[in-house]
Participant: 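If you scroll down you'll find the structure; I have some questions about it.
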Amino acid sequence: MKTNKRFATAVAAMTLTAMLAGCSGEPLSTREKGTFIGTGVGAAGGAIVGSAVGAPLAGAAIGGVAGGATGYAIGNHIQNQRNGD
């Protein structure tokens, strides 16, 4: 059990580090903001739903992917409207 918790903590730390490194530099575009927010909201919602059925990590992973895809689609649509595409 401790190994799973350590592994999850290590994965979370690496993910956070990668996200922060990827966000350095220029300001985020609308597409990037939508993806980032969608992933966070999806992962949180998935973890809540997953914990209700006994699999919070699986729920967070599935919710994060679904939320990221949805956030990307919405952010891309808004950015294309602003740019007149």
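Remember, it's a predicted structure, so these values are computed and weren't measured experimentally.
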Participant: Supply the atom-to-atom distance Asn83 CG to Thr30 OG1, rounded to the nearest 0.5 angstrom.
Facilitator: 8.0 Å
Participant: Closest heavy-atom contact between Pro27 and Glu32?
Facilitator: O-OE1, 4.3 Å
Participant: For Arg31, run the side chain to side chain contact (heavy atoms under 4.5 Å, CB included) check against Ile74, Ile78, Asn80 and tell me which one passes.
Facilitator: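 Result for side chain to side chain contact (heavy atoms under 4.5 Å, CB included) with Arg31: Asn80.
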